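Owing to the predicted nature of the structure, the values given are computational and were not obtained by experimental measurement. Side-chain atoms are counted along with the backbone in the values below, which use heavy atoms only and exclude waters and symmetry mates. Residue numbers run from 1 in the order of the sequence given.
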Amino acid sequence: QVQLVESGGGLVQAGGSLRLSCAASRRTSSTYAMGWFRQAPGKEREFVAAISWSGSTTYYADSVKGRFTISRDNAKNMGFLQMNSLKPEDTAVYYCAAALNVETLRLGAIERIHSWGQGTQVTVSS
């Protein structure tokens with residue numbers, strides 16, 4: 001099972017940027033898609049972005065398109081979420097996730113998401 005650890009969360013003013021990182025520990029023979037979800041206070045967990053193993057396919061929630069960019073560096077077993085033009089409504093705990101394919105992440109198919117990070121808090125002030 002892939003083990004995931006997020007970092008990079010924090011407090012930022014509206015319009016600012018943050019870069020989240022997700023470090024993965026895996027067996028060298030395994031491949032996985034990676035994604036990001038978030039959960040705001042009083043809200044359900046929602047899909048943010050996902051990327052295939054090769055990086056050739058990406059998905060974004062409509063709310064973050066044009067502002068967030070998902071990427072990965074497989075040689076380093078790292079995933080990233082670059083968040084620009086942050087808004088107060090982006091405030092949430094952000095979780096990285098791993099699954100066998102990117103569609104699983106896009107659909108939020110919980111039963112098929114193999115690994116979750118511990119979450120990192122992102123707070124955007126107005």
Side-chain angles (χ1 to χ4, degrees):
Q1 183 172 328
V2 178
Q3 306 294 314
L4 306 174
V5 179
E6 300 104 330
S7 62
L11 175 65
V12 65
Q13 287 186 295
S17 298
L18 285 173
R19 187 185 190 227
L20 305 185
S21 298
C22 182
S25 177
R26 66 178 182 91
R27 301 187 71 86
T28 56
S29 61
S30 66
T31 61
Y32 57 93
M34 182 174 290
W36 293 88
F37 293 77
R38 66 187 183 187
Q39 187 164 17
K43 303 290 186 180
E44 294 187 344
R45 179 182 54 201
E46 67 172 339
F47 169 79
V48 176
I51 186 169
S52 63
W53 168 257
S54 69
S56 63
T57 302
T58 59
Y59 294 110
Y60 296 93
D62 288 343
S63 60
V64 306
K65 284 182 179 177
R67 300 188 298 118
F68 291 11
T69 302
I70 188 169
S71 62
R72 66 191 300 163
D73 184 341
N74 289 342
K76 297 180 179 179
N77 291 321
M78 295 286 293
F80 306 97
L81 185 68
Q82 179 67 45
M83 306 185 295
N84 298 327
S85 302
L86 283 162
K87 304 174 180 180
E89 52 262 44
D90 295 318
T91 295
V93 176
Y94 284 70
Y95 301 89
C96 63
L100 289 178
N101 61 75
V102 69
E103 300 296 338
T104 292
L105 295 167
R106 171 65 182 89
L107 294 170
I110 303 300
E111 73 279 4
R112 298 186 64 193
I113 295 175
H114 292 176
S115 302
W116 292 93
Q118 82 287 353
T120 186
Q121 176 70 47
V122 172
T123 302
V124 184
S125 62
S126 60

Mind checking the OG1-CZ spacing from Thr104 to Arg112? Nearest 0.5 Å is all I need. 3.5 Å

Are any side-chain N or O atoms of Gln39 and backbone N or O atoms of Lys43, one a donor and one an acceptor, separated by less than 3.5 Å? yes

How long is the straight-line distance from CZ of Arg38 back to CZ of Arg45, given to the nearest 0.5 Å? 14.0 Å

Closest approach of Ile113 to Ala97 (non-hydrogen atoms, all atoms of both residues): CG2-CB, 3.7 Å

If every non-hydrogen atom of Thr91 is compared with every non-hydrogen atom of Ala40, which pair is closest and at what distance? O-CB, 3.4 Å

Aromatic ring proximity Phe37/Tyr95, centre distance under 6.0 Å: no

Taking the side chain as every heavy atom from C-beta outward, state whether Asp73 and Phe80 have any atom pair closer than 4.5 Å. yes

How many angstroms lie between atom CD of Glu6 and atom SG of Cys22, to the nearest 0.5 angstrom? 5.5 Å

Roughly how far apart are Leu105 CG and His114 NE2, rounded to 0.5 Å? 10.0 Å

When rounded to the nearest 0.5 angstrom, what distance separates NZ in Lys87 from CZ in Arg67? 4.5 Å

What's in the same ILVMFWY side-chain cluster as Val12, cut-off under 4.5 Å, chained through other members? Val2, Leu4, Leu18, Leu20, Tyr32, Met34, Trp36, Val48, Ile51, Trp53, Tyr60, Val64, Phe68, Ile70, Leu81, Met83, Leu86, Tyr94, Val122, Val124

Close side-chain approach of Arg72 to Asn74, heavy-atom, < 4.5 Å: yes

Same cluster or not: Val5 versus Trp116, using hydrophobic residues (I, L, V, M, F, W, Y) connected whenever any side-chain heavy atoms lie under 4.5 Å apart? no

If the condition is side chain to side chain contact (heavy atoms under 4.5 Å, CB included), which residues does Val102 pass it with, not counting sequence neighbours? Ala33, Ala50, Ser52, Thr57, Tyr59

Return yes if a side-chain donor-acceptor contact under 3.5 Å exists between Gln121 and Thr123, otherwise no. yes

Listing request: all side-chain hydrogen bond (donor to acceptor under 3.5 Å, both in side chains) pairs with a residue in residues 8-25, at least two apart in sequence or in separate chains. Ser17-Asn84

